[in-house]
Amino acid sequence: MITVKFPDGATRDYAVGTTGTTVVESISKSLAKKTVAMRRNGELSDLSELMENGDVIEFVLRDDEAALELIRHDAAHVLAEAVQELWPDTQVTIGPVIENGFYYDFSRDEPFSMDDLKTIEKRMGQIIQRGASFTKEVWSREEAKRVFKAKGEDFKIELIDAVKEGEDLNIYKQGQWFDVCRGPHMRTTRDVGQAFKLTKVAGAYWRGDSNNPVLSRIYGTAWATKEQLAEHLHMIEEAEKRDHRKLGREMDLFHLQEEAQGSVFWHPKGYVIFRAVESYIRRKLDNAGYQEIKTPQLLDIKLWEKSGHWEKFRDGMFVVPDEVPAEDDNAPVLSGNAKLMALKPMNCPAHVQVFNQGIKSYRDLPLRLAEFGCCHRNEAHGALHGLMRVRQLTMDDAHIFCREDQVQDETKKFCDLLDSIYHDFGFEDVNILLSTRPEVRAGTDEIWDKAEGDLGDALEATGRSFTIEEGEGAFYGPKLEFHLKDAIGRSWQCGTLQLDFVLPERLDASYIGEDSARHRPVMLHRAILGSLERFIGILIENHAGRMPMWLAPVQCVVATIVSDADEAALKVVEQLKAAGLRVESDFRNEKINYKVREHSVAKVPAIFVIGKREAEEGSVSVRRLGAQGQTVMSVEEAIAALASEAVPPDLRD
RNA sequence: GCCGCCGUAGCUCAGGGGUAGAGCACUCCAUUGGUAAUGGAGAGGCCGACAGUUCGAAUCUGUCCGGCGGCACCA
């Protein structure tokens, strides 16, 4: 006899050899019907597992949140079976669950087409209908390798070799088809249900390494119900509507073109946003004790060699020979002997140069040097993406030179500043990651121990929670990453704080301490918005183009109904301008419906409509973006309301 | 950089071996209309670039360039 416990504390006795299935069936038929897996001593597990004495079990129903992962995992298996049924010469590799779905990587000569996806979906539907049971077997490594070798599954052999010693090698069968898998799975393929869809095909490297062969990856999404699937697909559509590249074109904010691949042409309206963001950050930094500087674009590569960037990031730097190219067609355009300069990919070495001028005292620390540094990075072609990934970017960058015992205080000050800034932009949900030493790095292990410890301690002292990301730090030091959630739940990494003991050493930065000896300062690299280009992209998507008043490129349009109102309207325009608002007028000979639609589509937050009536009584009819109707009020009242709304958040009372 | 898909008017897209179409936008004319599209006319394209096949290529093939979706990268 064995005893099984339930979460509510109840216990039941069963014969040895009892499985989860037997247990749930002994409780209630209807419960058994809905149960697809179990949580056994806290861990998700197959319902068919044998129970052991003292096990605490909790049943996982198909509608439970926890079942989603299983649905997606099983869907990945069904996908693989479907593909191998349709194209038996295809090799299978891995098929994990990801956010909102799953994928499976296949090795195949012919890549999959979008039409193939339809065919595969259909076959998946049939496999699910068949409802084969998932059954687990434990094989020896030799046996598994022999079987997969015979099937020509070379990638699986590598995976089998990667399973840790001492760990069971599980084979999950679903009918005739089987795969090496850690599990767990639901009862049968039928439990996957029909709320799934294959979404895209893409290339992906085997084991994520670009030296390895490229596999064909099929992405899919799967949900418990058709409603959830529909909701998810709707969400994707919403995200597409917010695409900043599309909105940027429609709203005439910026453009990109071949001749300056990856660099932004800001149009007047877009640059209004850029300047509003930059001025705001400048005020915040001024108030937080930073001093703004401006450093050169082109610096001799000798400096980059010294700093270590040359060695690590040479392939991402734009290098410029300091030489006039020859015009003679027969001569080489460049001699190859010129001194080499590089466009700065980041500001830190230049900031150290500023720090190094003159002699710094401990009394000068912490010294906070800020720069809206324009940096160039030769990003891979495939990486470029609208404003999100560009080759010329402007960072709200700053470097804090301080003593080691000031790190904690500076970290706290930084976190507070960051919170207030994100709050002002309307981002309240911030997730913090601490990234530790990467494989390729500068500095000794001792220095890294210290840096990681200091940064972790400092963050802990602020009382914020964070998660650790092993191996994701910068080459010169550990870093904090600040990820913020946007209006539709997507996460963006923006802020960063990096602790650096290495660069001050390499570039020989020092200050005179109280003991009148020379000391190395610690350097904190930090940014809050990251690249302004990217941050503006995020703002556009977060607001779906409907920028808050203080950031809206055009804050108000004054539109007339009849030309008799032009004179009064012109006065209102002048008054709005005098109040510091960005205003446009629309006195065209068009119907008011037409004008309202046009400016609404252009996402102008306020339209002041003036007809005969308003002109006579000195009022305006105010129509706000997104509102159904409009409000008539006095010109003064309307302007005051708009002006107060247009005050940047840091300047409000 | 790698894999796949795509490239026709400013934008969104249709078409397709015999030299090009729609809607919106644009220009002009009429309309002075009360809150998300007034009517009419006009103009606008080396069908991404180069090469090949062909009597003939925007259409088929190849190469390149660019865009998109992923992957890799992200100081």
Side-chain angles (χ1 to χ4, degrees), chain A residues 103 105 110-114 116 199-219 243 245-246 249-250 252 255-259 261 304 307-317 344-349 375 377-386 388-389 393 395 397 438 440-442 472-477 479 493 496 498 500 503 525 527 530-531 534 559-566 587-602 607-614 621-632:
Chain A
Y103 67 77
D105 285 347
E110 258 318 86
F112 297 103
S113 69
M114 289 305 279
D116 290 337
T199 49
K200 51 196 170 196
V201 285
Y205 298 110
W206 167 237
R207 302 190 135 183
D209 186 333
S210 55
N211 298 312
N212 287 344
V214 174
L215 306 171
S216 288
R217 175 172 299 179
I218 296 179
Y219 284 93
D243 190 318
R245 292 164 301 186
K246 182 171 164 277
R249 190 173 48 237
E250 283 171 10
D252 194 18
H255 85 270
L256 295 153
Q257 69 184 52
E258 269 188 64
E259 289 79 358
Q261 231 185 339
W304 301 109
S307 71
H309 290 91
W310 186 252
E311 196 190 339
K312 180 126 206 291
F313 293 112
R314 183 177 37 211
D315 56 345
M317 287 165 74
K344 65 174 168 186
M346 51 191 323
N347 305 301
C348 36
C375 297
R377 297 176 177 184
N378 195 351
E379 302 281 5
H381 287 80
L384 300 175
H385 182 95
M388 299 305 184
R389 192 78 177 268
L393 59 138
M395 280 193 291
D397 199 12
V440 182
R441 58 179 182 264
E472 295 295 318
F475 78 93
Y476 46 71
K479 66 178 179 187
Q493 189 206 320
T496 181
Q498 304 168 9
D500 182 1
L503 213 53
H525 305 242
S531 125
R534 180 163 172 278
T560 50
I561 296 171
V562 291
S563 52
D564 286 348
D566 287 3
F587 297 176
R588 291 174 303 172
N589 178 11
E590 292 292 349
K591 287 192 169 181
I592 194 59
N593 289 317
Y594 182 87
K595 295 186 184 182
V596 165
R597 177 183 151 79
E598 195 168 286
H599 302 303
S600 299
V601 168
I607 305 172
F608 283 8
V609 175
I610 300 180
K612 218 178 228 165
R613 216 156 51 224
E614 290 81 2
S621 168
V622 179
R623 189 186 177 94
R624 293 301 304 261
L625 184 59
Q628 293 296 322
Q630 53 278 335
T631 324
V632 177

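Labels below follow one simple rule: chain letters A, B, ... track the order of the sequence lines, proteins then strands, and each chain is numbered from 1.
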### Query
Counting only N and O atoms by type, is there a donor-acceptor contact under 3.5 Å from the side chain of S216(A) to the main-chain atoms of P111(A)?
no
### Task
Nearest 0.5 Å please: distance from the CH2 atom of W206(A) over to the CG atom of N211(A).
14.5 Å
### Task
Would you name the heavy atoms of S600(A) and I607(A) that are closest together and state the gap between them?
OG-CD1, 4.0 Å
### Message
Distance check, rounded to the nearest 0.5 Å: H599(A) atom NE2 versus F608(A) atom CZ?
### Response
13.5 Å
### Interatomic distance, F608(A) CZ vs U35(B) P [rounded to whole Å]
19 Å
### Query
If the sugar-phosphate is the primed atoms plus P, OP1 and OP2 and the base is the rest, what is the B/S/- string for nucleotides 70-75 of chain B, using protein heavy atoms under 4.0 Å?
BBBBBB
### Query
Could you state the interatomic distance from CZ (F587(A)) to OG1 (T560(A)), rounded to the nearest 0.5 Å?
6.0 Å
#### Entry: Between C1' of C64(B) and CD of Q261(A), the distance in whole Å
13 Å
### Query
Is there a side-chain polar atom (N or O) of R623(A) under 4.0 Å from OP1 or OP2 of A36(B)?
yes
### Query
Roughly how far, to the nearest 0.5 Å, is NZ of K200(A) from CE of M114(A)?
9.5 Å
### Task
In whole angstrom, give the distance that lies between atom CG of D252(A) and atom P of C11(B).
13 Å
### Task
Could you check how far CZ of R588(A) sits from C1' of G33(B), rounded to whole Å?
14 Å
#### Entry: U31(B) versus C24(B) - spacing of their P atoms, nearest Å
22 Å
### Task
Counting heavy atoms from C-beta on, name the nucleotide in U35(B), G33(B), C68(B) closest to the side chain of V562(A).
G33(B)
### Query
Paired stems touching RNA chain B, three or more consecutive Watson-Crick or G-U pairs with both distances under 3.5 Å?
B:1-7 with B:65-71, B:10-13 with B:21-24, B:26-30 with B:38-42, B:48-52 with B:60-64
### Message
Quiz question: going by heavy-atom distance under 3.5 Å, is there a donor-acceptor pair between the base of G33(B) and the side chain of N589(A)?
### Response
yes
### Query
Where the side chain of R623(A) meets the backbone of Q628(A), is there a donor-acceptor pair that is under 3.5 Å apart?
yes
### Task
Round to the nearest Å and state the distance from K246(A) atom NZ to C13(B) atom C1'.
14 Å
### Query
Where the side chain of R377(A) meets the backbone of P345(A), is there a donor-acceptor pair that is under 3.5 Å apart?
yes
### Task
Select base, sugar-phosphate, or nothing to describe what K612(A) touches, counting heavy atoms under 4.0 Å on all strands.
base
## Note on the structure
Ranking G4(B), C65(B), U35(B) by distance to the side chain of P111(A), first place goes to G4(B)
### Task
Can you spot which of L503(A), N347(A), T496(A) makes a side chain to side chain contact (heavy atoms under 4.5 Å, CB included) with H525(A)?
L503(A)
### Query
In Å and rounded to the nearest 0.5 Å, what is the CG to CD distance from N378(A) to Q261(A)?
9.5 Å
### Query
Which listed nucleotide (U38(B), U35(B), G67(B)) is nearest to the side chain of Y594(A)?
U38(B)
### Task
Considering only atom P, compute the distance from G42(B) to G70(B) and round it to an integer number of Å.
45 Å
### Query
Looking for any heavy atom pair under 4.0 Å, which part of the strands does R534(A) touch: base, sugar-phosphate only, or nothing?
nothing
### Query
Of the candidate nucleotides U35(B), C65(B), G33(B), which contains the atom at the shortest distance from the side chain of Q630(A)?
U35(B)
### Task
Write down the distance separating the P atoms in G15(B) and G21(B), rounded off to the nearest Å.
15 Å
### Query
Roughly how far apart, to the nearest Å, are G4(B) and G10(B) at atom C1'?
29 Å
### Message
If we ignore hydrogens and angles and just use 3.5 Å, is the side chain of K595(A) paired with the main-chain N or O of R588(A) as donor and acceptor?
### Response
yes
### Task
Establish whether the base of G34(B) is bridged to the side chain of E614(A) by a donor-acceptor pair shorter than 3.5 Å.
yes
### Query
Okay, side chain of E614(A), backbone of G611(A): is any donor-acceptor separation there less than 3.5 Å?
yes
### Message
By the 4.0 Å heavy-atom rule, please label S621(A) as base, sugar-phosphate, or nothing.
### Response
base
#### Entry: Length of the line joining R245(A):CZ and U12(B):P, which is rounded to integer Å
12 Å
### Message
I'd like the P distance from G17(B) over to U61(B), given in whole Å.
### Response
12 Å
### Atom P, compared across C2(B) and A51(B): separation rounded to whole Å
25 Å
### Query
What is the nucleic acid contact for E590(A), judged by heavy atoms within less than 4.0 Å: base, sugar-phosphate only, or nothing?
base
### Query
Rounded to the nearest Å, what distance is computed from the CD1 atom of residue I592(A) to the C1' atom of nucleotide U32(B)?
12 Å
### Summary
5' to 3', nucleotides 44-51 of chain B under a 4.0 Å protein heavy-atom cut-off (B base, S sugar-phosphate only, - none) gives --------
### Query
Taking the same atom, C1', in C50(B) and in A30(B), what whole-Å distance lies between them?
50 Å
### Integer-rounded Å distance: G34(B) P and I607(A) CD1
17 Å
### Query
Is it true that D243(A) and R245(A) have a side-chain N and a carboxylate O under 4.0 angstrom from each other?
yes
### Task
State the CE-CG distance between M346(A) and L393(A), to the nearest 0.5 angstrom.
10.0 Å
### Query
Expressed in whole Å, how much space separates the P atoms belonging to A57(B) and A20(B)?
14 Å
